[in-house]
Colleague: 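Supplied in structure tokens, the structure appears directly below.
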Number of protein chains: 2
Amino acid sequence: MNRTAAEPAAIALPRKASREHRRQQLIDATIESLARRGYAQTTMTDVAVTAGVSHGLVNFHFDTKEKLLTETLLYLAEEYRDNWLAALAAAPADPAAQLDALIVADFNERICTPSKLVAWCAFWAEAQSRPIYQEKCGANDLAYIRNLEEICARLVAAGNYRHSPQRVARVLRVTAEGTWLDLLSMIEPYSRDEALRTVYACAAAFFPDHFDEAGLRKPSVDN
Amino acid sequence: MNRTAAEPAAIALPRKASREHRRQQLIDATIESLARRGYAQTTMTDVAVTAGVSHGLVNFHFDTKEKLLTETLLYLAEEYRDNWLAALAAAPADPAAQLDALIVADFNERICTPSKLVAWCAFWAEAQSRPIYQEKCGANDLAYIRNLEEICARLVAAGNYRHSPQRVARVLRVTAEGTWLDLLSMIEPYSRDEALRTVYACAAAFFPDHFDEAGLRKPSVDN
DNA sequence: TGATTTTGATTGACTTGTCAATCAAAACGA
DNA sequence: TCGTTTTGATTGACAAGTCAATCAAAATCA
């Protein structure tokens, strides 16, 4: 009622946090709320409280709940994409190293957090009934799939393996996705590191000269 | 699927059968609604309309929405469990045949329908915030995991493979789960048969003497 | 057998609560 | 000052759950 005198140690949310910053803050709150309360129970008020602002503000920045959720998925998809693109760019050009980079990228600590896994899963489930979600959901990142297939093809050729590159690519991809799901479903969750070793075991089964269960073999065979 | 909204002329079932039949009918409607509208948009009225009855009846049979959804998950979990148990029982005792049976069972046409996949995914996402769901969700069917590990251990021993049975079991399990997810996420979905071949490719990579991409090798090597 | 009572299934109007969205006013920065 | 950001009371829509009334099948009786 009175002039906002007593603000108890409000952890300085600068009022004029830049527009972008506030939007990001609300998106983060949405992810957290999706994880904590589930898709069905996530309300605008809930998101606002998590972000420490009033609910009216969420509508001010995102107009509708629908848009808030869509933007959140968009953010996750972009973050995921940026992550693997950067990993590929930073890795040596040989196919084994590139494959290794893609695998490691999936279990990056920024990407593979419990909250984000749950959020992804919520969107996957919802995607069936919402075309807007569908095209942004993981398995439809065509560029990713193409890259992975290309890398597998080069690795198959380089190592004289006899697999179908496309099928190997799909197995590796669904193994990583399945491991994500496993990480979030398990009552007693295992570490990201153990998850990574699971995918490496799969890579090692297909490309024994280039991978073992600990990851990329050090002495590269084909150079 | 049941049109005939106006004059159902339903074959009058005896009371007891009718009760069970109606409950099952409502559970089926719930799965369908979850798939068609998503978890968040699935209302009691929606389920009732799908089943062709009034919404009051849903409450009569299930008391609360919560209970309806829990019972639906329970039904899915039981159906899944019965399916792999039956498959194991019907298969020859040797480990390769048992593993083959488990793999095929996952892509059974009763289990692996688009609607049921979406429903599973919805429950996975929701499970994080609902302990009741969590314990019934796929990755926590301990009996299944134990069986799969045991079979892998026997197959590793029989074939003189050098893998860790537990890790192979996990890879096979998450590959199957990931393929499920892939089936429902893909804009251009592939067939159950192609899905099956994907998992076979994984099995073949680990157990090349016993599996190839088409499935279980006919002439058993170790007898 | 036919007439009756009892039980259980089903309906749809109603109550109650929740939530997205709106809006006027306040706070703030330039 | 003016424009932007933020608040919180309010609105209106909608969904879950309740309940009295209806109806049909089953049980009981004559």
Side-chain angles (χ1 to χ4, degrees), chain A residues 1-8 10-27 29-30 33-34 36-72 126 129-130 132, chain B residues 2 4-27 29-30 33-34 36-72 126 129-130:
Chain A
M1 299 316 182
N2 355 7
R3 2 191 82 229
T4 67
E7 276 316 294
I11 308 165
L13 303 174
R15 170 185 173 100
K16 177 124 187 181
S18 77
R19 210 180 162 82
E20 273 317 300
H21 181 269
R22 180 115 298 166
R23 283 173 61 92
Q24 186 58 48
Q25 186 185 8
L26 289 169
I27 285 176
T30 305
S33 177
L34 283 174
R36 204 178 48 237
R37 320 228 317 153
Y39 189 101
Q41 319 273 3
T42 289
T43 68
M44 300 290 265
T45 302
D46 199 38
V47 171
V49 168
T50 303
V53 298
S54 78
H55 67 259
L57 192 58
V58 186
N59 276 310
F60 175 77
H61 281 287
F62 290 95
D63 290 1
T64 67
K65 186 181 184 185
E66 168 100 11
K67 279 184 191 160
L68 171 64
L69 289 165
T70 303
E71 297 276 321
T72 300
E126 222 51 37
S129 44
R130 308 209 179 203
I132 307 143
Chain B
N2 57 341
T4 69
E7 291 301 317
I11 314 120
L13 293 164
R15 282 259 183 85
K16 277 231 180 76
S18 165
R19 189 185 174 85
E20 272 319 297
H21 181 264
R22 177 108 311 159
R23 283 175 61 93
Q24 186 59 49
Q25 187 185 6
L26 288 169
I27 285 175
T30 304
S33 177
L34 283 173
R36 204 178 48 238
R37 321 229 315 155
Y39 189 101
Q41 318 273 3
T42 289
T43 67
M44 302 289 268
T45 302
D46 198 39
V47 170
V49 168
T50 303
V53 299
S54 78
H55 71 98
L57 190 57
V58 185
N59 275 312
F60 174 78
H61 281 288
F62 291 96
D63 290 358
T64 67
K65 186 181 182 184
E66 167 101 12
K67 280 185 191 160
L68 171 65
L69 289 165
T70 303
E71 297 275 320
T72 300
E126 224 45 42
S129 43
R130 307 207 181 206

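So you know, we letter chains A, B, ... as the sequences are listed, proteins then strands, and number each from 1.
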Colleague: Given atom NE2 of A:H21 and atom C1' of D:dT5, what is their separation to the nearest angstrom?
Modeller: 15 Å
Colleague: Whole Å only: how far is the CZ atom of B:F60 from the C1' atom of D:dC19?
Modeller: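 After rounding, the reported distance stands at 13 Å.
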Colleague: So, is A:R22 near the phosphate of D:dT6, with a side-chain N or O under 4.0 Å from OP1 or OP2?
Modeller: yes
Colleague: Answer yes or no: is there a side-chain heavy-atom contact under 4.5 Å between A:Q41 and B:R130?
Modeller: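 Counting from C-beta outward, A:Q41 and B:R130 do come under 4.5 Å.
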Colleague: Any side-chain heavy atom of B:R22 sitting closer than 4.5 Å to one from B:L57?
Modeller: yes
Colleague: Between A:E71 (side chain) and A:I27 (backbone), is there a donor-acceptor pair under 3.5 Å?
Modeller: no
Colleague: Output the rounded distance in Å from NZ (B:K65) to P (C:dT18).
Modeller: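 About 14 Å, once rounded to whole Å.
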Colleague: Would you say B:R19 reaches C:dG8's phosphate, i.e. side-chain N/O to OP1/OP2 under 4.0 Å?
Modeller: no
Colleague: How long is the line joining CG of A:L26 and P of C:dA20, in whole Å?
Modeller: 14 Å
Colleague: Taking for each residue the nucleotide of DNA chain D with the nearest heavy atom, is it B:T64 or A:V58 whose nucleotide lies nearer the 5' end?
Modeller: A:V58
Colleague: Counting side-chain heavy atoms from CB outward, which of D:dT6, C:dA21, D:dG17 is closest to A:L57?
Modeller: D:dT6
Colleague: Atom CG of A:N59 and atom P of D:dG8: how far apart are they, to the nearest Å?
Modeller: 15 Å
Colleague: The side chain of A:M44 lies closest to which of these nucleotides: C:dA21, D:dG17, D:dG8?
Modeller: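 The listed nucleotide nearest to A:M44's side chain is C:dA21.
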Colleague: Pick out which of A:V49, A:T42, A:T43 makes a side-chain contact (heavy atoms from CB on, under 4.5 Å) with A:S33.
Modeller: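 Only one option passes, and that is A:T42.
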Colleague: Between atom CD in B:Q24 and atom C1' in C:dA9, what is the gap in whole Å?
Modeller: 18 Å
Colleague: Looking only at the side chain of B:S54 (C-beta and beyond, no hydrogens), which of the listed nucleotides D:dA15, C:dT10, D:dT18 gets closest?
Modeller: C:dT10
Colleague: Round to the nearest Å and state the distance from A:H55 atom NE2 to C:dA20 atom P.
Modeller: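 My rounded result for the distance is 10 Å.
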Colleague: Are A:H61 and D:dT6 close enough that a side-chain N or O sits under 4.0 Å from OP1 or OP2?
Modeller: yes
Colleague: Whole-Å distance between C:dT10 P and B:R23 CZ?
Modeller: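 To the nearest whole Å, that distance equals 12 Å.
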Colleague: Any donor and acceptor pair, going by atom type alone, linking the side chain of A:T70 with main-chain N or O of A:E66 inside 3.5 Å?
Modeller: yes
